[in-house]
There are 2 protein chains.
Amino acid sequence: MFSKACEYGIRAAVYIAQQSGRGVRTGLKDIAEAIDSPEAFTAKILQQLSKNDLIQSSKGPTGGFEMTAHQLQTVMLSDVVRTIDSNLIYTGCGLGLANCDAQNPCPLHHEFMGIREQLKTMLETTAIRQLAESLESGAAILKR
Amino acid sequence: MFSKACEYGIRAAVYIAQQSGRGVRTGLKDIAEAIDSPEAFTAKILQQLSKNDLIQSSKGPTGGFEMTAHQLQTVMLSDVVRTIDSNLIYTGCGLGLANCDAQNPCPLHHEFMGIREQLKTMLETTAIRQLAESLESGAAILKR
DNA sequence: TTGGTAGCGGACAAATTTGTCCGTTTTCGG
DNA sequence: CCGAAAACGGACAAATTTGTCCGCTACCAA
């Protein structure tokens, strides 16, 4: 479904959102430990998220990652997925055909339509913050 | 969504089914040309499908690939996907967590549930033959 | 029987994804 | 100002996926 990088990215974003909700800025080491991901690789992904203004980063001692109130309100799951993978997951053809559309459909086009649409809607209407809340309440986990 | 190998596999299976519907056995070169795929790589994939009895292969001159009447009636899209990728696409956790289930859900677990279920149902209820029919009727394409 | 044809299977090669290392830059606290 | 701490950025390494090559085997037709 998603690439490893994207999985790590989502998990990291959700964890950062949870900590930011508590007013806590969190560092790379802490994040990698919390989401059970390779530290250096996770750093690369966080850089992408930061460059695309989905999260905030700061250097130096006391530095780390956080999400602003505005980011917590506006950053959707689809933003993270689009930044790391692309939007091809929910827009591209299921059989990899470049020119597949309603006029020139692949044999799976109609069968896939509903699923892709549902996936798209889910990603675009789910905020990272919502996911963080289910973490915070203990209703969900991010490890193992 | 699917791997390249799986995309080629599905496209090849659909094309073979279409030709078999016409009573025509078709060779590797013909298949690769019809579905616009790398020939040698496609050969590997067809071997997998053949070993798993999803298609029939025969050597020698006049050899090639085909689907028996029985295979045309029973082989589902899910069989091809399971053979080449795995069933992880519609059973695994969206965030890659090994121990994610209803008891210990990842934050996306419930959001994903419906989509995975719909995908699973679609793959399991769609026969390769059905897809071949939409090709045969000109309602769908397999190239580009 | 024999020659050619087509799939089989193993080894190899290229490309992409995943993951690591380390020096540099920024920033904070003393 | 200075030293340490943390993210940044570029180069490198490993693993996986994608793709190729070629000799081998089976099979058909003449």
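Lettering of chains follows the sequences in order, A, B, ..., and the numbering in each one begins at 1.
- For the pair B/E7 CD and D/dT17 P, the interatomic distance rounds to 14 Å; values are reported in whole Å.
- Contact annotation: the side chain of B/R82 never approaches that of B/N52 to less than 4.5 Å [non-hydrogen atoms, C-beta and beyond].
- One finds the CG atom of A/N99 at 6.5 Å from the CD1 atom of B/I141 (value rounded to the nearest 0.5 Å).
- For the atom pair B/L95 CG and A/F2 CZ, the distance stands at 7.5 Å (nearest 0.5 Å).
- C/dT5 atom P lies 17 Å from atom CZ of B/R25, rounded to whole Å.
- Sequence neighbours left out, the pairs with a member in residues 103-128 of chain A that pass salt bridge (Lys or Arg N to Asp or Glu O under 4.0 Å) are A/K120-A/E124.
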Can you give me the N/O atom pairs linking the protein to nucleotides 19-21 of chain D at distances under 3.5 Å, or say none if there are none?
residue: D/dG19; atom: OP2; partner: B/Y8; partner atom: OH; Å: 3.2

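- Looking only at side-chain heavy atoms (C-beta outward), B/C106 and B/F112 stay at 4.5 Å or farther from each other.
- Straight-line distance from the CD atom of B/Q56 to the C1' atom of C/dC8: 15 Å, rounded to whole Å.
- Residue B/Q47 has a polar side-chain atom (N or O) positioned under 4.0 Å from OP1 or OP2 of C/dG9.
- Across the protein-nucleic acid pair, B/K51 atom NZ and C/dG7 atom P stand 16 Å apart, rounded to whole Å.
- Regarding A/I31, its CD1 atom lies at a distance of 15 Å from the C1' atom of D/dC8, rounded to whole Å.
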Could you go through the side-chain hydrogen bond (donor to acceptor under 3.5 Å, both in side chains) check for B/E136 and B/Q18 one step at a time? CA-CA 6 Å; B/E136 181 72 16; B/Q18 182 202 20; 3.1 Å; yes
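- Rounded to whole angstrom, the span from the CD1 atom of B/I45 across to the P atom of D/dT18 amounts to 8 Å.
- Distance A/L46 CG to D/dC8 P: 8 Å, rounded to the nearest Å.
- One atom, CD of B/Q48, and another, C1' of C/dG9, lie 13 Å apart when rounded to the nearest Å.
- For the residue pair A/G9 and A/I84, the shortest heavy atom distance occurs at CA-CD1, 3.8 Å.
- The side-chain heavy atoms of A/C100 and A/L108, taken from C-beta on, include no pair separated by under 4.5 Å.
- B/E33 and B/K29 are not joined by a salt bridge, as no carboxylate oxygen comes within less than 4.0 angstrom of a charged side-chain nitrogen.
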Can you tabulate the close N/O pairs, meaning under 3.5 Å, that link protein atoms to atoms of nucleotides 3-6 of chain D?
residue: D/dA6; atom: O4'; partner: A/G60; partner atom: O; Å: 3.1

